[in-house]
Amino acid sequence: MMDAAFKEELIAWGVDWEDIHNRFMGNEDLIAKFMIRFLGDPSMDSLSKYLGEENVSEAFKAVHALKGVSANLGLKGFYSEVYDLTEILRAGSMEGYEPYYDHIKLKYDDLIGILKKYQNS
């Protein structure tokens, strides 16, 4: 169930509320449900794993999946960095990926903290 505090924290984090509200046809409980489901999304863990292994092709698949989920959930708080990292990896390179990944990881961890706080609401 979406409550006002949850909504405000998501917006403060960088969720594009107008976009997601339109996408889910105004159903805020459905928005809350899909946001909480993001806790189970393996994309970030896979991205971290494959970057650590310097496996560019698998890291690309992971960040591309994260980009899709981010777009669908209006996660603008890190979307531009996810997009940029996707393009670096798409080119078959890891050169210069660190600042993008670092920002994504920081924002991801913040978002996970918010979601965990409200997951049993």
Side-chain angles (χ1 to χ4, degrees):
M1 180 112 168
M2 178 65 67
D3 69 19
F6 188 17
K7 177 179 174 180
E8 289 307 313
E9 286 195 55
L10 290 173
I11 292 168
W13 178 87
V15 169
D16 183 338
W17 194 258
E18 184 177 341
D19 176 56
I20 194 169
H21 195 263
N22 290 337
R23 185 178 311 274
F24 286 85
M25 299 186 293
N27 187 334
E28 292 190 357
D29 289 341
L30 194 58
I31 294 170
K33 179 180 177 179
F34 276 86
M35 285 292 178
I36 297 303
R37 274 194 189 163
F38 182 70
L39 288 169
D41 183 87
S43 303
M44 189 67 198
D45 288 340
S46 295
L47 176 61
S48 298
K49 174 183 187 277
Y50 292 123
L51 285 174
E53 294 173 0
E54 297 184 11
N55 185 332
V56 176
S57 64
E58 291 301 316
F60 168 73
K61 291 176 189 174
V63 78
H64 193 268
L66 185 60
K67 185 177 93 166
V69 172
S70 299
N72 287 333
L73 292 179
L75 304 179
K76 300 290 194 239
F78 63 17
Y79 184 80
S80 65
E81 289 79 9
V82 170
Y83 178 87
D84 291 342
L85 182 55
T86 302
E87 294 310 307
I88 289 169
L89 296 172
R90 182 190 310 274
S93 172
M94 287 183 62
E95 189 173 333
Y97 84 89
E98 294 94 343
Y100 300 101
Y101 174 77
D102 292 346
H103 179 85
I104 293 164
K105 180 73 171 123
L106 182 68
K107 291 294 284 185
Y108 176 86
D109 289 347
D110 289 346
L111 178 59
I112 293 302
I114 294 167
L115 298 177
K116 284 183 175 178
K117 185 172 161 183
Y118 293 98
Q119 79 182 101
N120 296 317
S121 296

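For the single chain, residues carry numbers from 1 onward in sequence order. Side chains are part of it too, since the values below use all heavy atoms of this structure and drop only hydrogens, waters and symmetry mates.
Taking 4.5 Å as the limit, every side-chain heavy atom of Leu51 sits out of range of all side-chain heavy atoms of Val63. A heavy-atom distance below 4.5 Å is found between the side chains of Phe38 and Leu111.
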Can you list the steps and then say if Tyr108 with Tyr101 is a side chain to side chain contact (heavy atoms under 4.5 Å, CB included)?
CA-CA 10 Å; Tyr108 176 86; Tyr101 174 77; over 6 Å; no

Give the intermediate values and the outcome of side chain to side chain contact (heavy atoms under 4.5 Å, CB included) for residues Leu66 and Leu85.
CA-CA 11 Å; Leu66 185 60; Leu85 182 55; over 6 Å; no

Derivation of the side chain to side chain contact (heavy atoms under 4.5 Å, CB included) call for Ile104 and Met44
CA-CA 9 Å; Ile104 293 164; Met44 189 67 198; 3.8 Å; yes

Under the side chain to side chain contact (heavy atoms under 4.5 Å, CB included) rule, what do Leu73 and Val15 come out as? Steps first, then yes or no, please.
CA-CA 8 Å; Leu73 292 179; Val15 169; over 6 Å; no

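A salt bridge links Glu9 to Lys117: one of the charged nitrogens lies within less than 4.0 Å of a carboxylate oxygen.
Ile20 and Leu115 fall within the same hydrophobic cluster, where Ile, Leu, Val, Met, Phe, Trp and Tyr residues are linked whenever their side-chain heavy atoms come under 4.5 Å apart, directly or through other members. Transitive grouping of hydrophobic side chains (ILVMFWY, heavy atoms separated by less than 4.5 Å) brings Leu39 and Val69 into a common cluster. Under the 4.5 Å side-chain heavy-atom criterion for Ile, Leu, Val, Met, Phe, Trp and Tyr, Ile31 and Ile112 are members of the same hydrophobic cluster.
Looking at Asp16, its side chain never comes within 3.5 Å of a backbone N or O of Leu75 through a donor-acceptor pair. In this structure, the side chain of Arg90 does not engage the main chain of Phe60 through any donor-acceptor pair within 3.5 Å.
With a 4.5 Å cut-off between side-chain heavy atoms of Ile, Leu, Val, Met, Phe, Trp and Tyr, the cluster of Tyr83 takes in Tyr79.
For Ala62 against Leu47, the heavy-atom pair with the smallest separation is CB-N, 3.5 Å. Nearest heavy atom pair, residue Met94 against residue Glu54, reads SD-CA, 3.5 Å. For the residue pair Trp17 and Leu10, the shortest heavy atom distance occurs at CZ3-CD1, 4.2 Å.
Rounded to the nearest 0.5 Å, atoms CD (Glu8) and CD1 (Ile114) are 11.5 Å apart. In this structure, Asp45 CG and Tyr50 OH are separated by 11.0 Å, a value rounded to the nearest 0.5 Å. Rounding to the nearest 0.5 angstrom, the gap separating the CD atom in Glu81 from the OG atom in Ser70 is 10.5 Å. Interatomic distance, Tyr100 OH to Glu87 CD, rounded to the nearest 0.5 Å: 11.0 Å. Residue Lys105 holds its NZ atom at 10.5 Å from CG of Asp110, rounded to the nearest 0.5 Å. One distance of note links CE of Met35 with CH2 of Trp13; it measures 8.0 Å at 0.5 Å rounding.
Relative ring orientation between Phe6 and Tyr118 is described as parallel, the plane-to-plane angle staying below 30° on a 0-90° scale split at 30° and 60°.
Evaluation of the side-chain contact (heavy atoms from CB on, under 4.5 Å) rule for Glu95 yields Ser93 as partners, not counting sequence neighbours. Residues satisfying the side-chain contact (heavy atoms from CB on, under 4.5 Å) test with Lys33, not counting sequence neighbours, are Leu30, Arg37.
Within a 6.0 Å sphere centred on CZ of Phe78, other residues, nucleotides and ligands contribute more than 12 heavy atoms.
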